[in-house]
Amino acid sequence: MTAPAHNSRKRGPPAAPPPPPVKLSPPGFVADRAEAAARVERLLGYRFRDRALLEEALTHQSFSDSVTSYQRLEFVGDAALGLAFSNFLYLTNPTLGPGALSTLRAANISTEKLARVAVRHDLYPLLRRKCTRLDLLVGQFIESVKQELTDDLAIAPYGGSVVKAPKVLADIVESIAAAVYVDCKFDLEKLWKVTRWLFEPIIMAETVDQQPVTTLHELCQKHGKVAQFKTWQKGGMTVVNVFVGGEMVGLGTSEQKVGKRRPCKRKEVCLFCSGRNAKWYFCSDR
């Protein structure tokens with residue numbers, strides 16, 4: 001009786017166990033409210049007549065039902081910053097039309113831009129809140145912004161983070177701006193003088209990231225062609241096939257769900273258009 005043949009293939013070493021998940025430290029909190037207010041005043045170079053406005057601007061609705069949150073101030077700040085930027089962009093860009101001016105204004109007061117203002121100036125620890133999930137989301141975004149510093153995406157006005165900017169960060173900036181605006185008796189010029197430097201570098205016509213999809217449509221229109229996009233799902237990934245003149249010329253992917261608009265990583269999505277050897281980037285979830 002013949003003995004069964006042994007498999008002579010050598011087995012490799014056992015696979016290494018997966019690395020443990022990264023644990024993020026939750027954002028801090030400044031419990032001394034006088035110190036929190038003083039930090040904002042030092043940051044702005046502005047002394048509040050009514051510090052209660054500032055404390056309201058630094059209070060999230062999750063903190064307590066018995067205190068006023070920043071929601072009313074955020075409403076005012078959103079409008080005030082929009083008008084302040086409208087004035088500034090109108091005066092500094094005398095040749096731009098309303099469409100281009102609107103694009104610049106939107107870029108400068110977008111959630112993505114304002115959230116990075118909050119991160120850059122370490123404003124979140126000044127916020128009174130009681131929401132662990134909020135801390136987690138903000139902590140993830142802060143870490144992703146730090147990661148941008150090692151990537152060429154750090155130069156992009158909108159940033160290139162794969163983590164969506166939590167709206168609360170933009171809300172803090174708008175609420176602080178509103179607190180200044182109300183405290184100085186709704187003096188828009190004073191508001192701009194106090195807060196303008198927070199938003200540096202201000203996105204101008206020379207530095208704004210053009211919306212790639214819009215740019216592609218404009219180029220196709222110039223050459224008598226039509227751009228079309230076919231979107232489909234593959235697992236948790238959104239995939240976009242790009243057609244120009246009925247011919248597929250590119251493929252894009254994004255982990256973001258359809259319907260959510262936010263900038264995507266330049267390395268995630270790229271489209272090469274034949275003919276001009278041009279490289280295009282676009283958000284496949286627009």
Side-chain angles (χ1 to χ4, degrees), residues 27-30 36 39-40 43-44 53-63 68-86 88-89 102-129 131 133-148 153-154 156-182 188 191-192 194-203 208-209 211 256 259-264 283 285:
F29 173 64
V30 179
R39 288 191 189 184
V40 175
L43 177 66
L44 298 176
L53 283 170
L54 187 52
E55 186 69 342
E56 181 179 330
L58 297 175
T59 302
H60 188 259
Q61 56 265 34
S62 66
F63 181 70
T68 305
S69 73
Y70 64 54
Q71 289 177 302
R72 280 172 52 85
L73 285 175
E74 184 266 330
F75 166 79
V76 173
D78 177 60
L81 286 179
L83 182 56
F85 268 101
S86 294
F88 172 76
L89 294 169
S102 295
T103 297
L104 288 179
R105 180 182 60 191
N108 279 288
I109 60 176
S110 68
T111 298
E112 296 284 337
K113 177 72 185 297
L114 295 184
R116 283 170 173 77
V117 171
V119 172
R120 185 184 312 125
H121 299 294
D122 201 23
L123 297 179
Y124 187 72
L126 308 180
L127 182 71
R128 295 194 297 177
R129 76 276 179 188
C131 185
R133 183 174 181 275
L134 197 65
D135 286 348
L136 176 62
L137 293 175
V138 171
Q140 290 174 338
F141 180 73
I142 291 174
E143 289 300 315
S144 72
V145 171
K146 290 179 180 178
Q147 181 62 34
E148 290 174 11
L153 297 169
Y158 294 96
S161 172
V162 296
V163 178
K164 184 180 179 182
K167 184 177 180 295
V168 62
L169 293 174
D171 289 348
I172 296 171
V173 176
E174 292 173 338
S175 300
I176 291 175
V180 173
Y181 187 49
V182 175
L188 192 65
L191 168 67
W192 184 243
V194 170
T195 62
R196 169 184 169 169
W197 76 275
L198 293 176
F199 308 105
E200 296 288 353
I202 293 175
I203 302 171
V208 66
D209 262 0
Q211 290 293 340
Q256 186 72 4
K260 297 289 186 179
R261 295 187 178 185
R262 71 172 174 84
C264 55
C283 268
D285 50 4

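Just so you know, these numbers come straight off a predicted model, no measurement behind them.
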Could you give me the CA-CA distance, side-chain angles and deciding distance for Phe85 and Ile202, then say whether side chain to side chain contact (heavy atoms under 4.5 Å, CB included) is met?
CA-CA 10 Å; Phe85 268 101; Ile202 293 175; 4.1 Å; yes

Going by the rule ring pair (Phe, Tyr, Trp, His ring centres under 6.0 Å), which residues pair with Tyr124 if we only count those two or more places apart in sequence or in a different chain?
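In terms of ring pair (Phe, Tyr, Trp, His ring centres under 6.0 Å), with neighbours along the sequence ignored, Tyr124 is linked to no residue.
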
Which value, rounded to the nearest 0.5 Å, describes the distance between [X] atom [atom1] and [Y] atom [atom2]?
X: Leu126; Y: His121; atom1: CG; atom2: NE2; value: 12.0 Å
X: Lys164; Y: Thr111; atom1: NZ; atom2: OG1; value: 8.0 Å
X: Leu44; Y: Ile176; atom1: CG; atom2: CD1; value: 7.0 Å
X: Asn108; Y: Glu200; atom1: CG; atom2: CD; value: 9.5 Å
X: Leu169; Y: Glu112; atom1: CG; atom2: CD; value: 10.5 Å
X: Leu58; Y: Leu53; atom1: CG; atom2: CG; value: 11.0 Å

Over all atoms of both residues, closest heavy-atom pair of [X] and [Y]:
X: Arg129; Y: Phe63; answer: N-CD1, 3.8 Å
X: Ala170; Y: Leu114; answer: CB-CB, 3.7 Å
X: Gly82; Y: Ser86; answer: O-OG, 2.7 Å
X: Leu191; Y: Thr195; answer: O-OG1, 2.8 Å
X: His60; Y: Leu127; answer: N-CD1, 3.7 Å
X: Thr59; Y: Arg128; answer: OG1-NH2, 2.9 Å

Can you tell me how the ring of Phe199 sits relative to the ring of Trp192, calling it parallel under 30°, perpendicular over 60° and tilted otherwise?
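Because their plane-to-plane angle is under 30°, the rings of Phe199 and Trp192 count as parallel.
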
List the atom pairs, with distances to 0.1 Å, where a side-chain N or O of residues 70-81 and a protein N or O form a donor-acceptor pair under 3.5 Å, not counting sequence neighbours.
{"unit_1": "Tyr70", "atom_1": "OH", "unit_2": "Asp171", "atom_2": "OD2", "d": "3.2"}
{"unit_1": "Gln71", "atom_1": "OE1", "unit_2": "Ser69", "atom_2": "OG", "d": "3.3"}

If the condition is salt bridge (charged side-chain N to carboxylate O under 4.0 Å, His left out), which residues does Arg105 pass it with, not counting sequence neighbours?
none

Does any N or O in the side chain of Arg39 come within less than 3.5 Å of the main-chain N or O of Leu123, such that one atom is a donor and the other an acceptor?
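Flag not set: sc Arg39 to bb Leu123 has no pair under 3.5 Å.
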
Stepwise side chain to side chain contact (heavy atoms under 4.5 Å, CB included) test for Arg116 and Phe141
CA-CA 9 Å; Arg116 283 170 173 77; Phe141 180 73; 3.7 Å; yes

